[in-house]
There are 2 protein chains.
Amino acid sequence: MSMKRLTTEDVARIAGVSQSTVSRVLNDYPYIKKHTREKVLAVIEELGFTRDEIARSLVEKRTKSIGLILGSISNPFFAETAEVIIERAQQLKYDVIVYNTGHKDENLEQAINLLIGKRVDGIILTSVSKNYTEKIKKLHDNGFPVLLYNSFLEIEDVNFIVMDNNKGARLAVRHLLGLGHEKIAKISGPSKYLATYERTLGYKQELTENGYEIDEDLIFNSEFSYDEIYSFTKKLLKNKDRPTAIIAASDQMALAVLGAASSLDMKIPDDLSVIGFDNIKLASNEFIGLTTISQKMDQMSLTALEKLIYMIEHKEEAASSIQIFLEPELMIRQTTGPAAKQDRV
Amino acid sequence: MSMKRLTTEDVARIAGVSQSTVSRVLNDYPYIKKHTREKVLAVIEELGFTRDEIARSLVEKRTKSIGLILGSISNPFFAETAEVIIERAQQLKYDVIVYNTGHKDENLEQAINLLIGKRVDGIILTSVSKNYTEKIKKLHDNGFPVLLYNSFLEIEDVNFIVMDNNKGARLAVRHLLGLGHEKIAKISGPSKYLATYERTLGYKQELTENGYEIDEDLIFNSEFSYDEIYSFTKKLLKNKDRPTAIIAASDQMALAVLGAASSLDMKIPDDLSVIGFDNIKLASNEFIGLTTISQKMDQMSLTALEKLIYMIEHKEEAASSIQIFLEPELMIRQTTGPAAKQDRV
DNA sequence: CCATTTTTTGAATACGTATTCAAAAAAATG
DNA sequence: CATTTTTTTGAATACGTATTCAAAAAATGG
């Protein structure tokens with residue numbers, strides 16, 4: 001039996017003032033008699049009244065909500081991102097509506113539409129595929145604050161914050177070449193993501209520049225599915241001329257690779273070196289010790305939120321676009337080591 | 001230069017009908033002439049009009065949003081929970097406002113207030129401390145749909161879904177006793193959580209019933225802080241009469257324990273057996289192979305969401321309270337093994 | 001074809017807040 | 001004390017939708 005909600009009208013009646021006065025008290029309007037203000041506040045306190053933010057949003061044409069569209073929250077990369085963004089947003093009095101696309105384009109489209117319908121003040125968007133270039137551009141051109149996170153699009157003005165993926169991949173390859181690896185596999189995300197594409201490109205370039213031929217059989221363009229990567233890796237590692245090292249497109253993927261290798265009783269890094277991307281917190285856990293390319297995630301997500309809020313609260317300013325590339329960093333840990341001598345199975 | 005948003009009024013004017021007619025078309029009201037409906041839909045399509053859900057919420061007194069209050073999203077237990085809940089909610093046309101309390105009571109309080117202000121239709125609440133019993137009870141008594149997830153309170157009618165924590169802890173202890181362990185440490189969460197409390201209780205009871213004395217030095221009530229647990233474990237393991245096994249209050253904590261042990265070059269499970277709680281996905285990864293007490297998280301979170309939605313959409317029904325205890329299950333993997341012979345350092 | 005019923009539409013209103021406009025009260029000025 | 005200025009308040013309105021109420025149009029029945 002849910003009670004009728006209290007309104008400013010109710011407060012006004014009991015306090016013996018008008019609804020407008022109550023509203024003014026709530027908004028710290030200066031021209032209110034001290035006595036009146038105190039009386040109203042007392043009634044508010046006594047009744048436990050709370051403002052209806054929905055009605056307020058309708059009038060003020062803003063919701064103090066932002067949308068956060070993630071590929072998959074159960075991937076620690078997204079989870080850690082979400083944590084930073086949500087906590088900072090809360091401090092800034094914004095709340096965060098989270099969507100999980102499962103990396104499916106149709107979910108991304110639905111999420112955007114629903115968020116626009118809910119009148120969020122802005123959206124942070126991870127993992128945008130090339131297929132959505134037009135849609136994002138339209139939003140942006142309408143003056144709607146959107147920020148691409150860990151992904152970018154080849155559009156003039158759109159805002160993004162992303163790592164230099166090409167360079168990251170090169171760091172990984174260089175590290176492995178230095179350890180004597182010559183057969184290095186690349187497990188890549190879907191090529192519809194430019195970030196993913198860039199990583200594969202960097203991998204190829206660095207190999208080529210060092211005089212190696214590209215073996216396309218060593219490159220796997222997967223969806224971000226644990227199971228798929230797990231089985232692919234198992235198959236790959238059962239080959240007679242299996243690679244001695246694998247670069248995964250994310251730490252999450254690297255864990256799938258490690259799992260697959262372990263299930264074949266391979267020793268890491270003696271039998272196989274593995275590198276991830278992201279540097280999730282778990283990567284530095286000594287029990288795991290994953291070598292990876294660090295994205296400086298905390299900085300990236302904090303910046304993303306603050307830039308978005310800035311865009312929201314300074315719409316009138318000439319919208320200079322925000323395009324940030326962060327430097328990747330190689331974190332060497334225990335999953336990479338010297339290439340095994342030619343003791344192929 | 002953000003354009004003025006289109007309203008039903010605009011659509012009506014262009015289509016040459018009244019605002020009410022447009023609204024009726026949007027809501028699939030049956031008594032609309034086919035011709036009129038088509039004309040309106042055509043205009044909507046052409047203009048790319050989308051409904052303002054804020055205004056709609058104000059009228060309908062529901063927002064189709066739910067609140068999800070989590071302890072810490074970067075903990076995979078919460079992340080995996082969130083993923084299931086968010087995806088199912090999206091299917092049911094609800095969106096999810098996520099808060100991260102960092103296990104701090106004051107953030108929990110703020111989150112609840114903000115969500116109530118935003119007029120969410122219901123709230124799923126994880127990790128509620130005993131200190132909030134009254135607040136939750138008041139919400140519930142006001143007919144507001146709240147569901148406690150992975151926690152419970154000693155209140156008559158409140159709704160919750162939780163594992164039988166006592167039994168879970170007993171399973172863990174029994175397993176370790178069976179392997180010959182006699183010094184079993186327990187790293188527990190804050191005692192303000194009843195769930196945590198129950199686990200510690202089960203641990204003690206099972207030990208006592210098997211004829212062992214409780215050694216309070218082996219019980220550590222920590223916050224859910226990785227660093228804190230990490231250092232505590234290190235200290236614990238450096239003791240001359242260190243335990244041969246540790247039961248952690250969550251898989252996340254178990255990983256901290258494993259990290260600490262690894263940093264001391266201890267071999268798992270030869271030098272130390274470790275058990276977690278939750279059975280996050282990573283636990284079954286062969287590279288890690290964490291023995292743990294499974295919570296059946298997918299089922300738990302799916303049920304939580306569906307029960308909450310049911311409560312929201314059937315408020316009129318006599319609110320029989322929902323109180324679900326799930327059975328824990330021991331998942332034996334590679335982080336537990338026979339107790340080392342008395343080769344104490 | 002008229003009376004009745006059913007379908008279709010628009011005008012008016014409600015939702016709960018913020019704000020404009022105007023008036024009343026209080027304070028300041030001469 | 002009369003006038004002007006400043007402070008304080010309330011009535012009315014807007015935000016964008018859904019819905020009630022009433023009227024108009026169309027269909028049905030005899």
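Note: hydrogens, waters and symmetry copies are ignored here, and every other heavy atom, side chains too, is used. Letters go in sequence order (proteins before strands), and every chain restarts at 1.
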Q: Quick one, which residues of residues 13-32 of chain A touch DNA chain C with a heavy atom under 4.0 Å?
A: A:Q19, A:S20, A:S23, A:R24, A:N27

Q: Is there a side-chain contact between A:T133 and A:V158, using heavy atoms and a 4.5 Å cut-off?
A: no

Q: Report the C-alpha distance between A:I112 and A:L139 in whole Å, list the side-chain angles of each, state the deciding distance to 0.1 Å, and finish with yes or no for side-chain contact (heavy atoms from CB on, under 4.5 Å).
A: CA-CA 10 Å; A:I112 293 180; A:L139 278 178; 3.9 Å; yes

Q: Can you give me the first and the last nucleotide of DNA chain C (5' to 3') that has an atom within less than 4.0 angstrom of a non-hydrogen atom in chain B?
A: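 Here the contact window of chain B covers C:dT7 to C:dG16.
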
Q: Between A:K33 and A:L6, which is nearer to the 5' end of DNA chain C once each is assigned its nearest nucleotide?
A: A:L6

Q: Please test B:S20 against B:S23 for side chain to side chain donor-acceptor pair (under 3.5 Å), starting from the C-alpha separation and ending with a verdict.
A: CA-CA 5 Å; B:S20 0; B:S23 176; over 6 Å; no

Q: When you check the gap from the basic side-chain N to the acidic O, do A:K104 and A:E106 get nearer than 4.0 Å?
A: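 Salt bridge between A:K104 and A:E106, a charged N being under 4.0 Å from a carboxylate O: no.
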
Q: Among residues 44-65 of chain B, which residues get a heavy atom nearer than 4.0 Å to DNA chain C?
A: B:L58, B:V59, B:K61

Q: Under the rule for ring pair (Phe, Tyr, Trp, His ring centres under 6.0 Å), what residues qualify as partners of B:F325, not counting sequence neighbours?
A: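 Ring pair (Phe, Tyr, Trp, His ring centres under 6.0 Å) list for B:F325, sorted by chain: B:F160.
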
Q: Apply salt bridge (charged side-chain N to carboxylate O under 4.0 Å, His left out) to B:R13 and list each qualifying residue two or more places apart in sequence or on a separate chain.
A: B:D10

Q: Could you go through the salt bridge (charged side-chain N to carboxylate O under 4.0 Å, His left out) check for A:R56 and A:E53 one step at a time?
A: CA-CA 5 Å; A:R56 201 174 178 212; A:E53 293 291 336; 3.5 Å; yes

Q: Applying the salt bridge (Lys or Arg N to Asp or Glu O under 4.0 Å) criterion to A:D52, which one of B:K61, B:K118, B:R119 satisfies it?
A: B:R119

Q: Within a reach of under 6.0 Å around NZ of A:K39, are more than 12 heavy atoms found that belong to other residues, nucleotides or ligands?
A: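 For A:K39, atom NZ is crowded (more than 12 foreign heavy atoms under 6.0 Å).
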
Q: Are more than 12 heavy atoms, taken from residues, nucleotides or ligands other than B:Q91, located less than 6.0 Å from that residue's CD atom?
A: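 Count over threshold, so yes.
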
Q: If you draw a 6.0 Å radius around NZ in B:K138, do more than 12 non-hydrogen atoms from other residues or ligands fall strictly inside?
A: no

Q: Does B:V25 form a side-chain contact (heavy atoms from CB on, under 4.5 Å) with B:V17? I'd like the steps, not just the answer.
A: CA-CA 11 Å; B:V25 170; B:V17 297; over 6 Å; no

Q: Where does DNA chain C pair, written as one dot-bracket string 5' to 3', with Watson-Crick or G-U pairs under 3.5 Å, ( ) inside the strand, [ ] for crossing pairs and | for another strand?
A: ||||||||||||||||||||||||||||||

